[in-house]
Amino acid sequence: MEEKSVTQSKLVFAVNGEKFELSKVEPSTTLIQFLRSQTPFKSVKLGCAEGGCGACVVLISKYDPVLDRVEDFTASSCLTLVCSIHGCSITTSEGIGNSKDGFHPIHERFAGFHASQCGFCTPGMCVSLFGTLVNAEKTNRPEPSPGFSKVTVTEAEKAIAGNLCRCTGYRPIADACKSFAADVDMEDLGFNSFWRKGEIKDLKISKLPQFNHNHKSCRFPVFLKDIKHDGVFLASEKHSWHSPTSLKELQSLLEISQANGTRLKLVVSNTGTGYFKDKEVYDKYIHLKGISELSKIRKDQTGIEIGAAVTISKAIEALKESCISDFLSEFVMILEKIADHMTKVASGFIRNTASVGGNLVMAQRNYFPSDIATILLAVDSMVHIMTGTLFEWLTLEEFLERAPLSLESVLLSIKIPCLKLNKSKSLEQRSRFLFETYRPSPRPLGNALPYLNAAFLVEVSPCKDSGGTMIVTCRLSFGAYGTKHAIRAKTVEEFLSGKLLNARFLYEAVKLLTVTITPEDGTSKADYRSSLAAAFLFQFFNQLIDSPVEIIDGNFNGDASFSFTADSELKEKHKQAHHDKIPTLLSSGKQLLEAGREYHPVGAPIVKSGASLQASGEAVFVDDIPSPTNCLYGAYIYSEKPLARIRSVKLRPELQLNGVREVISTKDIPNGGENIGSKSIFGDEPLFAEDIAKCVGERLAFVVADTQKLADMAANSAVVDYDIENIDPPILSVEDAIERSSFFEVPPFLYPKHVGDISKGMAKADHKILSSEMKLGSQYYFYMETQTALAVPDEDNCIMVYSSSQCPESTHSIIARCLGIPENNVRVITRRVGGGFGGKAMKSVPVATSCALAAHKLRRPVRIYLNRKTDMIMAGGRHPMKIIYSVGYKNDGKITALELQILVNAGIYVDISAVMPHNIVGALKKYDWGALSFDIKVCRTNHPSRSAMRAPGEVQGSFIAEAVIENVAAALSIDVDSVRSINLHTHKSLQSFYEGCFGEPHEYTLPSVWNQLAVSANYEQRTVMVKEFNKINIWKKRGISRVPVVYQLILRPTPGKVSILSDGSVIVEVGGIELGQGLWTKVKQMAAFALSAIQCDGTGSLLDKIRVVQSDTVSLIQGGFTAGSTTSESSCEAVRLSCNTLVERLRPLKEKLQEEMGSIDWKTLILQAYMQAVNLSASAFYVPSLDSSMYLNYGAALSEVEIDLLTGETRFLQTDIIYDCGQSLNPAVDLGQIEGAFVMGLGFFMLEEYETNPDGLVLADGTWNYKIPTVDTIPQNFNVQIINSGHHQHRILSSKASGEPPLLLAASVHCATRAAIKEARKQILSWSNINSDDIHDSTFQLEVPATMPDVKELIGLDIVQRYLIWKMGRM
């Protein structure tokens, strides 16, 4: 059958008001690919390509000519196909506001609330908030006060619920968002640059950048209103895009495609590719959005029918609108709960485009773990299917159980039928429907798949005789637990139906359900998932047993009587009962800090340099640099075996021709060059494997192609021929390494010293714990910007490389060695890094070197932006380790000796792993152990090499210390806080443990911080309240814990250069790299302070005249690496020394001019200096002296948590931190570092599972299965106090670092969770007369991270059964 000729259309749309008209488009092109390659707008960032991070969010505006209104919604540009935006207006963060036209108040408030650090995620955050503000203005709410929006605080906070940030800890972002809300409490807004503490409300409001809802960025381009949407047809050379407008047209297209054997893709919004990546190229794309039948929502007395192309957001809206319709009150309740559940599916910018039908088709065809399928299955939903010319209605259950839907079959609509009630009976006898849905997941507000989902629709009636509750009928659906699709638990339904509910029947039902809900083999956390099903069945029915609660329109209300309330009362009561269940976000936070005035502007909490540029998206990252002419793109082929000989690496033949230019490997390294990818003082790492791949993720080759997409596709399709014959088995664990003596050598100068005599310490002990064992896992960096570089060949065999790197100097040297050229032929430039955390140090070097090698060979520019999956597989991350310890202690908990054996899994290459023993012990020594002995082995395994990650070794060492303390307290059955307190150092013991850096007695601030925290956070009172809470709550338990940190910091030599230009403006260069930690900001402040020593007029405004510029390895050598938290202060000192030189050069001239003129201003002085040939450029190399190269940092945190015994979910209720910053160089910057580090630590201890298969291949390889903290998983009450602890002559203006030490304090959350679990286990023991060791053993180990399954397993997966047995025993 031949295809009819169709007139070629033009794709017309606008970006930030600018018109774009395309006649030829590759249909698979995403909006982000178009924006970043074909427009100047680079604020949309690629963070994951899965719709899971929010970095690429744009606002899409669409004109509806029928209603004459514009619809605005946020969307992920990484999933949106550019062909689907015909007639739309796209707004990016630059379009909201920019440096040329003026920043939007959103940008200004993000900057002023210190809500941007590295800035990579900030533009996406701003657009998410902007979309919420735009839509709030369309509501008929009362006009807000001037400067505010109609948005509510809750909506403002939820606006960024789907956006990820790895730097800030979210609190300041939430504050910036809330500041727009009409109902905001100004006192609830945190520290900012707009007002000072204590100022009155009206003054505060007047100082905020004013919001104007008529801002020009909100206007829809007039030229788009005349665009016709009928049947868009677009074609590239091989592929076509069709937008049918009727079912008949669709049938014809499907029929033709089937006859021609066309590779076909049906598209609504393409969000499914975030989960199921396209593995083939399609000939034809059919866009279903233009078919009106698929986008309609119909309501009548039989129910509500939702078109398959209706977005999840529109469906939620329609379901909520139904709640004010004439539907029966119980059906209204069901619809509202379905809508509520849907708000937790994905995130707002995905729900705005993802369709209900697409979700169900993915569930049916691809076994996607759908929430929507499960909840609609419980309410007996129907689906309407079209296959060819055949139309049929099926139950959702039949649809799910059918063979996967063929391509010629199309889902048209979904119908939720209205309930049928027996109204003939009296009110007292009438049955009622109860409905509830469940989705336990790592994130309360969605953007995470659940471990299981469930929905129960149950008809109950009162039993007059017994006063109990009769179950008439029930529908129990479960999904996402490791099964192909959602199912109904029919055996349990049959068992319960017709029963008078009691504990015995519920116990039998639970037993039956655990047999029914059995995940398929290979499902992770299978027993936990089954236990959740039992938990929710129990939770639903238990409230109806013995003392039935009042049922208000299908909601359980905690009254003693069980009444079937009249319809007229239901809706109001239902609203209130339901409102209580809505999960809250961050509620508040207090920040106490002191601004230093002695060295002004050093010590002032000024806004981070470039924050507004970051918010608008104009700040340039490496991948934002426009591609030079003839630029090529690279991608890695890596090993999928841990140890194997590589026979060959080949690409699929069809990909070798179209745009794939070269496959670079060791064979391409020039004569005189070396196969070197990175180097530390401990050893080298090759750029590519030569004959044998030694770990999963090792680089085998570098594919170079015309586009990044093509390079990635080619690399993914590569066929590697492995051979393991005559090769020893790989070493895949530290135990294997011990058995085969596979270790890296630790230089003697780095191996820490033992403290005291371990034998004597053990002899003093009243008790001992021997050979206790624990393990700590890894953590992925999750910088928002993945590894990236651009290499440009230059004249005379030179090369220029732009690299997102924490160590450009090392990158420079390795590129020269690899290419076999002198170092003066290489130039490496780094302006800013989109998050580093140690992962952009050693691990960035081979990425830049690969591009340089390819560019050198091909004489063309080559760049790479690593896709998230490859980055996660190759990154290595934090060092896992195994710890075995023995500890001796007194009756009062005073520890006399600690002996440890620690096995560190370093991976295949040494990287920086040899420093791990030093770092682990440095943090472990925070307590006075009496005597301390250790044997730490750095194990070489066939895993990807581990590298430095924020607080490398220190976070593990500090946690080991807390685990020992917890174990001792549990063994003695005494309060763990008293054990911590009794083992804190005195200044005398501190000297024994921290030789050379213990400082003067007044510098040891930990005891005062420890005591101050107890007072400011009401520790004693809250401890009592926690005990009271635990007494009266069966299914929730709380824990509280206080933890100290002692952190040893080391300063390194750092260069700086300051140049004063003829107009008096100043250029500063430093060795340190701006990673988001505010280094540039502190450096600017230091330069302004140091130059003001010249004491002439006009120096008060010097801060505005200073610009810190990008790192350039040719302009400023010996830059070192930016790591270890101290680069900011050492860079500041290098700048101060440079400025001092300039001041000394200027002073004679200034004094001479002053004598002549009476007074002299800065600008005149500099102009005169130029005329008199004064050298106005000075550089310095700061080398710390022996007595200033090391110091100790102190802090403490108190955290309170609440765990749910049925699910294992942990809510972080409150965290209070007191941290000693010395004399802070910038307390606003340090506050951001403290909060951000703590939240990253929260991820390590509670959320982030960096899972691998037995070979070491990372399984958690994207945003779907690796969950960093989000705005809904940080402490609800987050209080931070920074203390300025006085003058310290050996430190840089008495300052202390803040980047890494606070991360260790997140252990307080883990310890509080352990305390809550301990209370839960005690309670369970009270239900049983059996002295079960695994229950009453209070020395249990809580895993890191303490995820929901881990917490539930320690409580007991069978807690429901135990409770019901206990309850039946009391009957």
Side-chain angles (χ1 to χ4, degrees), residues 436 438-442 444 450-452 454 481 503 506-507 509-511 513-514 517 525 527-543 545-546 549 556 558 580-581 583 1025-1041 1199-1213 1246-1247 1273 1276 1309-1328 1330 1332 1334-1338 1340-1343 1345-1370:
E436 201 55 75
Y438 306 89
R439 68 172 325 273
S441 98
Y451 290 103
L452 166 142
Y481 61 87
L506 183 52
Y507 176 70
V510 165
K511 273 174 55 181
L513 185 66
T514 51
I517 303 301
K525 327 283 187 195
D527 292 342
Y528 168 68
R529 294 172 195 261
S530 294
S531 83
L532 288 173
F536 295 136
L537 190 76
F538 167 79
Q539 190 174 2
F540 187 90
F541 286 111
N542 186 56
Q543 300 174 78
I545 297 175
D546 293 342
V549 293
F556 298 117
D580 295 338
K581 294 185 61 189
M1025 289 167 68
V1026 164
K1027 285 178 183 172
E1028 288 301 313
F1029 179 91
N1030 291 337
K1031 273 183 194 172
I1032 60 175
N1033 285 277
I1034 295 178
W1035 300 108
K1036 306 242 188 229
K1037 297 293 175 191
R1038 289 183 178 177
I1040 191 165
S1041 181
S1199 291
E1200 183 179 346
V1201 306
E1202 180 180 293
I1203 61 171
D1204 184 324
L1205 274 58
L1206 292 174
T1207 64
E1209 181 185 9
T1210 305
R1211 287 174 62 220
F1212 314 128
L1213 301 179
M1246 301 302 296
L1247 297 167
T1273 54
Q1276 290 175 7
V1309 176
H1310 190 276
C1311 294
T1313 305
R1314 192 182 186 283
I1317 293 169
K1318 186 178 172 186
E1319 291 302 309
R1321 288 162 68 98
K1322 269 189 202 169
Q1323 175 179 269
I1324 293 172
L1325 186 61
S1326 74
W1327 296 342
S1328 171
I1330 304 164
S1332 172
D1334 62 335
I1335 291 296
H1336 77 244
D1337 178 15
S1338 58
F1340 59 87
Q1341 293 283 356
L1342 176 60
E1343 294 292 320
T1347 60
M1348 291 169 66
D1350 295 316
V1351 171
K1352 178 78 186 282
E1353 279 172 25
L1354 283 174
I1355 294 166
L1357 296 179
D1358 60 349
I1359 184 173
V1360 161
Q1361 293 91 319
R1362 284 174 178 266
Y1363 173 77
L1364 287 170
I1365 290 169
W1366 171 73
K1367 192 169 183 177
M1368 288 187 292
R1370 299 175 69 204

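Side chains included, hydrogens not; waters and symmetry mates left out as well; all remaining heavy atoms used. This chain uses plain numbering: 1 for the first residue, then up along the sequence.
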Indicate the atoms forming the closest heavy-atom contact of [X] with [Y], along with that distance.
X       : Y       : value
Ser441  : Tyr451  : CA-CD1, 4.4 Å
Gly1039 : Ala1315 : CA-CB, 4.0 Å
Ala503  : Leu1364 : O-CD2, 4.2 Å
Ser1199 : Ala1312 : O-CB, 3.5 Å
Ala535  : Leu1206 : CB-O, 3.5 Å

Considering residues at least two apart in sequence or located in another chain, which fulfil the side chain to side chain donor-acceptor pair (under 3.5 Å) criterion with [X]?
X       : result
Asp1204 : Lys1036
Asp527  : none
Glu1202 : Arg1038, Arg1211
Thr1313 : none

- request: Taking ring pair (Phe, Tyr, Trp, His ring centres under 6.0 Å) as the test, write out the residues that go with Tyr1363, two or more places apart.
  value: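 Listed in chain order: Phe538, Trp1035, Trp1327, Trp1366.
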message: Could you work out, with ring pair (Phe, Tyr, Trp, His ring centres under 6.0 Å) as the rule, every residue matching Phe1212, not counting sequence neighbours?
response: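 Result, ring pair (Phe, Tyr, Trp, His ring centres under 6.0 Å) vs Phe1212: none returned.
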message: Going by salt bridge (charged side-chain N to carboxylate O under 4.0 Å, His left out), name the pairs with one or both residues in residues 1349-1359, residues two or more places apart or in two chains.
response: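 Sorted pair list: Asp1358-Arg1362.
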task: Any pair with a residue in residues 1309-1318 that passes salt bridge (charged side-chain N to carboxylate O under 4.0 Å, His left out), sequence neighbours left out, goes on the list, sorted by first then second residue, please.
output: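 Qualifying pairs: Glu966-Arg1314.
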- request: Could you pull out all residues at least two apart from Arg439 that satisfy salt bridge (Lys or Arg N to Asp or Glu O under 4.0 Å)?
  value: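 With sequence neighbours excluded, Arg439 shows a salt bridge (Lys or Arg N to Asp or Glu O under 4.0 Å) to Asp371, given in chain and number order.
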Nearest 0.5 Å please: distance from the [atom1] atom of [X] over to the [atom2] atom of [Y].
X       : Y       : atom1 : atom2 : answer
Met1246 : Thr1273 : CE    : OG1   : 10.5 Å
Leu1342 : Leu1354 : CG    : CG    : 6.0 Å
Leu1247 : Met1348 : CG    : CE    : 10.5 Å
Leu1357 : Leu532  : CG    : CG    : 9.0 Å

- prompt: Taking C-beta and beyond as the side chain, do Thr514 and Gln1361 meet within less than 4.5 Å on heavy atoms?
  reply: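 When only atoms from C-beta onward are counted, Gln1361 and Thr514 do touch, with a gap below 4.5 Å.
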- request: Could you tell me whether the side chain of Lys1037 and the main chain of Ile1203 form a donor-acceptor pair under 3.5 Å?
  value: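 Between the backbone of Ile1203 and the side chain of Lys1037 there is no qualifying donor-acceptor contact (under 3.5 Å).
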- prompt: Has the side chain of Tyr481 got a donor or acceptor atom that lies under 3.5 Å from a matching backbone atom of Pro450?
  reply: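 No, Tyr481 side chain to Pro450 backbone: no donor-acceptor pair under 3.5 Å.
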task: Could you walk me through whether Asn542 and Lys1367 pass side chain to side chain donor-acceptor pair (under 3.5 Å), step by step?
output: CA-CA 11 Å; Asn542 186 56; Lys1367 192 169 183 177; 3.1 Å; yes
- request: Take Leu1205 and Gln1323, measure what side chain to side chain contact (heavy atoms under 4.5 Å, CB included) needs, and give me the verdict at the end.
  value: CA-CA 11 Å; Leu1205 274 58; Gln1323 175 179 269; 3.6 Å; yes
By side-chain contact (heavy atoms from CB on, under 4.5 Å) - contacts of [X] (at least two apart):
X       : result
Met1025 : Gln1021
Lys1027 : Thr1023
Ala533  : Leu452, Phe478, Leu513, Ile517

task: Could you go through the side chain to side chain contact (heavy atoms under 4.5 Å, CB included) check for Glu436 and Phe536 one step at a time?
output: CA-CA 9 Å; Glu436 201 55 75; Phe536 295 136; over 6 Å; no
